[in-house]
Amino acid sequence: MQHSTWIRTRVLPLELLLAGRCAFLRRLPLLRRLNRRVTARVQVEVGALGGISALRVDFKSPYLRVPMEIDRAQIGVELPETGFEAAAFRFFDWHSWQHIAGEITWHGEREVALGDKAVSLVTGFTYRPGALPEGVANLGLRIAEGVEGTIRVRCAETLVRTGFEPGYWLLEPSAEGYRLVAIREDELMALIVSLSEIGSGNPEVYRQAVDRLWTWVDFHLGSQDPERALLKLLGYVRDWGPLGLAPLYQGLKEILERLGVRQTERILFEYYAEHWGVRNNPGARLLAVRTLDALGTGAARTALRELLGYARVRVLDARELDLLSAAAQGPAPAGVLPSRLPPA
């Protein structure tokens, strides 16, 4: 314990200083590995039936990866009436962004006086979620705050806000339980946060999120043929977007209008058809249907009616058929949509 305390008080300030001075290395592919930020060791404990029984998170310093203390308040608070309420931390259904409630146990918790206030510090936590929502495929884990991903850590006798890597993890179901995929690319972080904020429908962040998403699209896809750019964007939204949140599609409509792609409706029609059969992807079909619905043009309604006729002659789950039928007839409902269509 004394050895660990010595490392924190002597070495950590140097690590954080070095991490701050080397931030520019993120833009240099050959030297990117030399840039380090505060991170976390995440472990998934799988239950007897293959579900997630617990998530263990331990915070590590940038270079030596020794335990470090962070401000507990940014993770969340425990209230007598409602239990644990998450803040920067979030364990969620990736396609609806809905936080999954659970119980938290802190690691290395202690109260210290930093400056003129008392701060609760922790070196990590274990989160035991309740029942997972039915029909959920991919799950998500967020720890850091903001688009760039930051976290408040103790450095000597103060708290320092520093970069955190990565801020998001994707949990993909597999035969062995769940596979943990760290999202380390800054460009994906900006995309994911923008899509989630648009999907939330929060008017305080919506406009800024749409503009940020357009900046991302223009920078990463702007040099490409508009039709090719649209197809790549749809792939990104399909993989990383909260597809079950209705406001997402209004924001996506604005982006498509700025792209100025001719015959967007035809591309979305073909996108739906391509994700049938061998390339079966219910999320892609949901994305195509809801985006056409949000466009609301005569061509979009025609495309939806054509898709409805296409779908009726195939074996299709009743929920997907109902969703397609409703979209062909009128505007999309507000609120939360089915996060994933059932497989064909």
Side-chain angles (χ1 to χ4, degrees), residues 95-96 194-195 198-201 203 206-207 209-211 213-214 216-218 221-222 224-277 279-342 344:
H95 291 279
S96 71
S194 299
L195 291 173
I198 294 171
S200 73
Y206 177 86
R207 175 50 45 200
V210 170
D211 291 340
L213 178 58
W214 171 247
W216 188 95
V217 170
D218 190 44
L221 307 176
Q224 300 183 17
D225 172 79
E227 184 169 329
R228 184 176 178 82
L230 172 56
L231 289 172
K232 283 199 169 185
L233 175 61
L234 291 174
Y236 279 117
V237 178
R238 175 198 65 206
D239 293 340
W240 304 111
L243 301 182
L245 299 181
L248 170 69
Y249 301 97
Q250 289 302 315
L252 189 56
K253 172 186 176 182
E254 290 192 41
I255 299 299
L256 298 189
E257 289 173 346
R258 295 188 194 185
L259 271 177
V261 181
R262 296 181 60 186
Q263 296 185 320
T264 297
E265 295 86 353
R266 174 187 59 80
I267 295 172
L268 288 166
F269 176 90
E270 293 174 354
Y271 191 77
Y272 181 100
E274 287 172 1
H275 288 85
W276 194 278
R279 295 184 61 186
N280 178 48
N281 189 314
R285 298 201 298 272
L286 174 64
L287 172 61
V289 169
R290 282 308 181 193
T291 305
L292 283 167
D293 199 1
L295 289 176
T297 62
R301 294 297 169 206
T302 299
L304 286 166
R305 287 192 291 269
E306 290 291 329
L307 288 176
L308 182 60
Y310 174 85
R312 278 175 172 162
V313 298
R314 287 159 175 79
V315 178
L316 190 67
D317 182 278
R319 285 190 301 160
E320 183 169 354
L321 190 60
D322 290 345
L323 187 146
L324 183 53
S325 178
Q329 295 174 20
V336 178
L337 306 167
S339 61
R340 304 285 283 182
L341 293 177

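Here the structure is a predicted model, which means the values were calculated and not measured.
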Inset, instruction - Output the distance between atom CG (Leu213) and atom CD1 (Ile255), rounded to the nearest 0.5 Å. - result: 4.0 Å

Legend entry - N/O donor-acceptor pair under 3.5 Å between Ser325 side chain and Leu321 backbone: no

Inset, instruction - With side-chain contact (heavy atoms from CB on, under 4.5 Å) as the test, would you mind laying out the steps for Asn281 and Glu274 before giving the verdict? - result: CA-CA 9 Å; Asn281 189 314; Glu274 287 172 1; over 6 Å; no

Legend entry - Qualifying residues under ring-ring contact (aromatic ring centres under 6.0 Å, His included), relative to Tyr271, sequence neighbours excluded: His275

Inset, instruction - For the pair Asp293 and Lys253, find out whether any cationic side-chain nitrogen is under 4.0 Å from an anionic carboxylate oxygen. - result: no

Legend entry - 4.5 Å side-chain heavy-atom contact, Leu292 and Thr297: no

Inset, instruction - Grab the two heavy atoms, one from Tyr206 and one from Gln250, that are nearest each other, plus how far apart they are. - result: OH-C, 3.4 Å

Legend entry - Donor-acceptor contact below 3.5 Å, side chain Tyr272 vs main chain Leu287: no

Inset, instruction - Please tell me if the side chains of Arg207 and Glu254 come closer than 4.5 Å, counting only heavy atoms from C-beta onward. - result: yes

Legend entry - Test item: Arg301 side-chain N/O and Ala327 main-chain N/O as donor-acceptor pair under 3.5 Å: yes

Legend entry - Minimum heavy-atom distance between Gly199 and Pro242, given as atom pair plus value: CA-CG, 4.5 Å

Legend entry - For Thr264, all residues meeting side chain to side chain contact (heavy atoms under 4.5 Å, CB included), sequence neighbours excluded: Leu230, Leu256, Val261, Leu268, Leu295

Legend entry - Partner of Leu195 by side chain to side chain contact (heavy atoms under 4.5 Å, CB included), out of Leu252, Val237, Leu245: Val237

Legend entry - pair Glu265-Leu304: side-chain heavy atoms closer than 4.5 Å: no

Legend entry - Straight-line distance of Leu259 CG to Glu227 CD, nearest 0.5 Å: 11.5 Å

Inset, instruction - Answer yes or no: does atom CZ of Arg258 have more than 12 heavy-atom neighbours from other residues, nucleotides or ligands under 6.0 Å? - result: yes

Inset, instruction - Drop me the distance from Leu248's CG to Thr291's OG1, to the nearest 0.5 angstrom. - result: 7.5 Å

Legend entry - Nearest-0.5 Å distance that lies between atom CG in Leu324 and atom CZ in Arg290: 9.5 Å

Legend entry - Closest non-hydrogen atom pair, Ala209 against Ile198: CB-CG1, 3.6 Å

Inset, instruction - Work out which heavy atom in Arg238 is nearest to a heavy atom in Leu243; give both atom names and the distance. - result: O-CD1, 3.9 Å

Legend entry - Side chain proximity check, Gln263 to Glu270, heavy atoms < 4.5 angstrom: no

